[in-house]
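Below: one structure, written as structure tokens.
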Amino acid sequence: MKNKYILLGLSYLAALCSCSDDKAFEPDYLPKITSDHAMTSTVNVANKHQVIDGFASSDAWTMDYIGKYWSNNAKEGIAKLLFSQKVERGNPEGIGLSMWRVNLGGGTAEQGEASGITDKTRRVECFLTQNGTYDWNKSSGQQYFMQKAKEYGCNNFVLFSNTPPVQFTVNGKGSGDWWNNNLREDCFDDFADFLATVAKHFSDNGYNISYISPLNEPQYSWGGDGQEGCSWQHVHVVLLLPAFQPLLLFSKMARALNESLKTKGPENTMMLLAEAAKVPYLYTTDDSWADRANVIPTYFKSDSEHYLGDLERMPKLICAHSYWWDKTWDVLFDSRTKARAEADKYGLKLYQTEWSMLGEGYEDYENYDQATYMDLALSMAKVLHHDLVTASMNSWAYWTTASQEVYSQKSRFYMIRLIPTGGDYGNIADGGTYESSKNLWVLGNYSLFVRPGYYRVDLNIPEGDKKFFGSAYISPEEDKLVVVYTNINDESIQMETSIEGLNKQVVSMRQYVTSSTSDLNEVDEYLKGYIPAKSVVTMVYDLK
């Protein structure tokens with residue numbers, strides 16, 4: 001039997017007028033539902049794991065255009081979807097993001113077509129002008145969403161840079177020339193001062209700038225016309241000179257930024273390294289040149305020539321992107337297990353700072369043409385699970401928050417779909433409409449309820465497998481427990497969850513479902529414990 005609802009008839013009172021005006025109507029019988037399978041699970045609150053620092057997304061690449069050119073109703077609606085924590089009659093206004101990543105541009109927008117970047121939304125303004133002064137009116141659309149984030153209660157910002165300001169680059173552009181480091185040798189300190197100065201400006205204006213990330217995916221060259229990006233590859237110099245080591249550049253940049261943050265930056269802002277292009281680059285040199293990978297021991301092993309553990313503004317934290325090694329359960333489990341083991345050697349926290357669906361070959365459907373929007377969101381749910389549970393990551397971030405749906409890509413690269421006035425291929429500067437996606441609401445199954453400071457705790461599902469899994473989180477005060485289940489099966493499950501290790505009682509439970517027919521909506525009493533096919537379900541327990 002596939003997800004059949006067996007609804008018992010409701011017996012209504014014959015004479016409603018005889019009821020007391022202040023007494024709510026209660027039916028004689030509650031509806032019942034039959035599931036395909038029954039399972040049990042156990043939460044052990046006593047076994048605590050990592051602290052969750054936040055769930056995030058970024059303002060690359062379109063948010064500046066939305067903030068500048070779209071109607072107040074549209075951009076306010078988008079901000080509400082991203083940051084609101086309000087739940088009205090069981091329907092969340094948004095997903096309550098608790099971190100926000102802000103792209104510090106290199107000035108390619110001012111260069112226009114001369115930048116060589118063909119997509120204008122990927123050209124970004126720079127606060128530092130060519131004459132050396134700062135123009136804080138730049139990137140006003142991005143600043144709009146920073147302000148809205150703070151208004152809605154998200155005041156944890158990460159500033160990230162894909163390229164130094166173009167006046168500091170070797171080729172005078174915001175994208176590299178394939179092989180050479182594109183930051184001029186005499187501009188490391190200048191670039192570091194720029195990052196610290198921007199952080200100080202926003203800190204002084206009331207924004208909590210937790211981290212600055214100076215380098216993006218150094219394993220790639222970033223030549224060409226795709227986007228801002230700085231090459232940090234090694235170069236084999238002619239004659240008898242040694243190979244140019246990019247990790248030496250990374251450590252040099254980190255030391256320059258450390259000094260600039262101490263002298264020019266906010267008091268509590270730390271640096272965030274190394275935005276590795278995929279998780280294995282954290283712990284191995286396989287699939288990469290040796291001087292670009294094995295990031296964790298390179299930075300944190302005390303006898304490494306690139307050791308950074310002695311820097312005051314370098315936290316015990318490293319970050320990577322979850323691209324590419326995300327197609328199957330086995331690949332996710334293996335790579336995240338190894339990343340966690342390597343991080344544990346040096347006592348490091350791990351952040352996942354970018355994910356969207358870049359590749360092909362995901363195991364739960366044959367191809368993108370056959371996959372539904374919910375199928376794609378369930379692929380993200382699997383990545384989320386392994387990053388949070390297998391790798392014990394402390395933070396998780398989506399990449400491009402909002403974009404148009406083009407080239408039959410469906411929702412692979414957005415949480416919020418933008419529909420310009422001229423259609424999907426129209427001019428984004430002309431305004432338009434928007435709609436939420438299943439990606440947004442699946443992330444909301446975590447972000448809206450698992451707040452900063454929550455601990456992940458043990459969840460045991462004896463019959464769980466690659467298509468049914470979950471995780472659990474307890475608030476610092478131990479008054480709320482959040483359990484998130486993902487069901488990729490074509491069949492429904494009735495779940496009975498027990499709680500151990502806590503001398504408190506459950507006083508209430510609310511359940512929220514994201515599925516093909518529901519967008520993180522709260523279910524009625526008779527549906528509690530019922531997990532539909534192809535869904536993500538969050539159960540929120542109030543404890544006393």
Side-chain angles (χ1 to χ4, degrees), residues 43-56 99 211 213 217 219 270 272-288 292-302 304 307-309 314-355 379-398 443 446 450 452-461 464-466 469-474 482-484 486:
V43 177
N44 190 335
V45 177
N47 290 338
K48 291 183 171 68
H49 302 285
Q50 81 272 27
V51 176
I52 300 299
D53 291 343
F55 292 90
M99 299 178 77
Y211 299 103
S213 176
E217 297 189 349
Q219 290 77 24
M270 308 293 278
L272 183 62
L273 298 179
E275 304 276 2
K278 51 189 175 185
V279 169
Y281 287 146
L282 294 176
Y283 59 82
T284 183
T285 58
D286 293 346
D287 195 37
S288 178
R292 296 189 291 169
N294 211 25
V295 170
I296 289 176
T298 298
Y299 291 159
F300 288 99
K301 191 176 181 181
S302 59
S304 169
Y307 178 67
L308 299 177
M314 181 69 193
K316 299 279 281 185
L317 167 64
I318 206 77
C319 67
H321 301 164
S322 274
Y323 301 128
W324 307 116
W325 285 60
D326 59 347
K327 311 298 190 307
T328 70
W329 180 277
D330 293 341
V331 166
L332 282 161
F333 181 81
D334 179 70
S335 57
R336 275 58 178 182
T337 299
K338 291 175 179 175
R340 181 69 264 162
E342 193 67 26
D344 283 345
K345 292 179 184 178
Y346 305 96
L348 302 179
K349 296 166 67 172
L350 289 177
Y351 276 15
Q352 192 290 115
T353 49
E354 281 188 25
W355 183 86
S379 290
M380 182 181 77
K382 187 182 288 188
V383 178
L384 264 161
H385 174 80
H386 279 288
D387 285 344
L388 294 171
V389 176
T390 308
S392 289
M393 292 187 175
N394 302 82
S395 178
W396 200 93
Y398 198 80
L443 181 56
Y446 291 88
V450 183
Y454 277 46
Y455 290 88
R456 183 174 66 84
V457 295
D458 275 358
L459 174 64
N460 179 36
I461 310 173
D465 57 18
K466 298 178 181 180
F469 46 87
S471 55
Y473 309 84
I474 190 78
V482 178
V483 184
V484 184
T486 297

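Because the structure is predicted, anything quoted here is derived from the model rather than measured.
Side-chain atoms of V457 and N44, non-hydrogen and from C-beta on, never get closer than 4.5 Å to each other. Considering only heavy atoms from C-beta on, L317 comes within 4.5 Å of Y211 through its side chain. Residues E354 and E217 have side chains in contact (heavy-atom distance under 4.5 Å, counting atoms from C-beta outward). Within the 4.5 Å cutoff, side-chain heavy atoms of R456 are placed close to those of S392. Residues V279 and S322 are in side-chain contact: their nearest non-hydrogen atoms beyond the backbone lie under 4.5 Å apart. For the pair L388/Y446, a side-chain contact is recorded, criterion being any heavy-atom separation below 4.5 Å from C-beta on. Side chains of V331 and D326 form no contact here, defined as non-hydrogen atoms less than 4.5 Å apart. Y351 has its side chain within reach of D53: a pair of non-hydrogen atoms, C-beta onward, lies under 4.5 Å apart.
For the atom pair OH (Y346) and NZ (K301), the distance works out to 5.5 Å, reported to the nearest 0.5 Å. To the nearest 0.5 Å, atom CG of residue L273 and atom CD1 of residue I296 are 12.0 Å apart.
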Step by step, would you call Q352 with C319 a side chain to side chain contact (heavy atoms under 4.5 Å, CB included)?
CA-CA 6 Å; Q352 192 290 115; C319 67; over 6 Å; no

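K48 is linked by a salt bridge (Lys or Arg N to Asp or Glu O under 4.0 Å) to E478, counting only residues two or more places apart in sequence or in another chain. Partners of N394 by side chain to side chain donor-acceptor pair (under 3.5 Å), not counting sequence neighbours: none found. N460 is linked by a side chain to side chain contact (heavy atoms under 4.5 Å, CB included) to P462, counting only residues two or more places apart in sequence or in another chain. With sequence neighbours excluded, the residues satisfying salt bridge (Lys or Arg N to Asp or Glu O under 4.0 Å) with D330 are K466. Taking the salt bridge (Lys or Arg N to Asp or Glu O under 4.0 Å) definition, one finds that D387 meets it with R336, sequence neighbours left out. Residues passing the ring-ring contact (aromatic ring centres under 6.0 Å, His included) test with F469, sequence neighbours excluded: W329, H385.
Ring geometry for W396 against Y398 counts as tilted: the plane angle lies between 30° and 60°, on a 0 to 90° scale.
Minimum interatomic distance between P280 and W325 (heavy atoms only, all atoms of both residues): CG-CD2, 3.4 Å.
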